[in-house]
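To start, the structure itself, in structure tokens.
Residue numbers start at 1 and run along the sequence shown.
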Amino acid sequence: MSDAVISAKPADKVETPFRRFVSEFAESKVALGALVVFIIIALLAIFAPWITPQNPYDLAELDIMDGRREPGTVGGAGFTYWLGTDDQGRDMLSGIIYGLRISLTVGAGSALIACLIGASLGLLAAYAGGRTDSVIMRLVDLQLSFPTILAALMILAFLGKGIMNVVIALVLVEWAYYARTVRGTALVERRREYIEAAQCLALPTHRVLFGHLLPNCLPPLIVVGTMQVARAIALEATLSFLGLGVPITEPSLGLLIANGYEYMLSGKYWISFYPGIALLITIVAINLVGDQLRDVLNPRLKK
């Protein structure tokens, strides 16, 4: 019997692509902390009805006599307003958590829809080429030539207020970023052997685009998508602050900031200050996660 010993790597130490991705992402403690912060924010938004002391948009729970109370005071309802109240007697902590639901829903929803539309058009432009590519890319250039906030304001001036209208406006101003990103990656991938093999097998175009080409365009798409969620949240907040975003019955963080803007000079800083801090933390956390994703998914960008 041979004395040779065949050594094998233990199954629990086999480095899978997922484990490699997690280990590389965790190299940045700042990005890891940002991810934890974002998860906490998302959980707060999801479970808002069960963890907030007040439904800030239920008129039956509001007391106008508690309007503009300072942080840490006890209201007529018997609980402490840790972040104070606004002019309607709305608990700011509850309002911020509920506002996060609107901001995250609008930001993530618009980014997802824009991603589906833009990625599909980018794949089609790269794969079809010729006149199709030229028409799609001219539309992309036209879209990107307009200032984003100005285009969104014009769309909402026509559509009016409403969560769905804000989502539509953000989709119309965001899809071009996804289309350009996916097209650039797909132009490289479409010349590879697996695409030629799929074409030789006469596979349907939609199977080639979404079954073979799209999976290999996902890394840059994930990075752009993450960044665009933060951008959409900031845009929605800006639109709501200007009075063209979500309705006052379902205010987001931007509208909460706008509600307290007129009281800033009178010393009631907390009405705008705390929603602004919540908005800043959310956007910074998403951007830090997206920045680390960019470094992990594209090793050439690593410092």
Students should find that the hydrophobic cluster of Leu187, defined by side-chain heavy atoms under 4.5 Å apart, otherwise consists of none
Discussion item. So for atom CE, which belongs to Met137, do other residues, nucleotides or ligands contribute more than 12 heavy atoms lying within a distance under 6.0 Å?
Written reply: yes
side-chain contact (heavy atoms from CB on, under 4.5 Å) filter on Pro219, not counting sequence neighbours, yields Leu297
Sorted by chain and number, sequence neighbours left out, side-chain contact (heavy atoms from CB on, under 4.5 Å) with Ala42 holds for none
Salt bridge (charged side-chain N to carboxylate O under 4.0 Å, His left out) pairs touching residues 32-47, sequence neighbours excluded, are none
Residue pairs meeting side-chain hydrogen bond (donor to acceptor under 3.5 Å, both in side chains), one or both in residues 213-224, sequence neighbours left out, come to Tyr194-Asn216
Run the side-chain donor-acceptor check on residues 163-175: report pairs under 3.5 Å with partners two or more places apart or on a different chain.
from	atom 1	to	atom 2	distance (Å)
Asn165	ND2	Leu159	O	3.2
Asn165	ND2	Gly160	O	3.2
Asn165	ND2	Lys161	O	3.1
Trp175	NE1	Leu172	O	3.3

Side-chain donor-acceptor pairs under 3.5 Å in residues 277-288, sequence neighbours left out?
from	atom 1	to	atom 2	distance (Å)
Thr282	OG1	Ala278	O	2.8
Asn287	ND2	Ile283	O	3.3

Hits for side-chain hydrogen bond (donor to acceptor under 3.5 Å, both in side chains) against Arg90, two or more places apart or cross-chain, chain-then-number order -> Asp86
Residues 107-160 vs ring-ring contact (aromatic ring centres under 6.0 Å, His included), sequence neighbours excluded, gives none
Would you say the side-chain atoms of Ser23 and Glu27 include a donor-acceptor pair closer than 3.5 Å?
no
Sorted by chain and residue number, the salt bridge (Lys or Arg N to Asp or Glu O under 4.0 Å) partners of Asp141 (sequence neighbours excluded) come out as Arg138, Arg180
Residues 245-278 vs ring-ring contact (aromatic ring centres under 6.0 Å, His included), sequence neighbours excluded, gives Phe241-Tyr261
Handout entry: Side-chain donor-acceptor pair present, Arg294, Thr226, cut-off under 3.5 Å
Key = no
Residues passing the side-chain contact (heavy atoms from CB on, under 4.5 Å) test with Val224, sequence neighbours excluded, are Tyr178, Thr181, Gln228
Here the gap from Leu104 atom CG to Leu44 atom CG, rounded to the nearest 0.5 Å, amounts to 10.0 Å
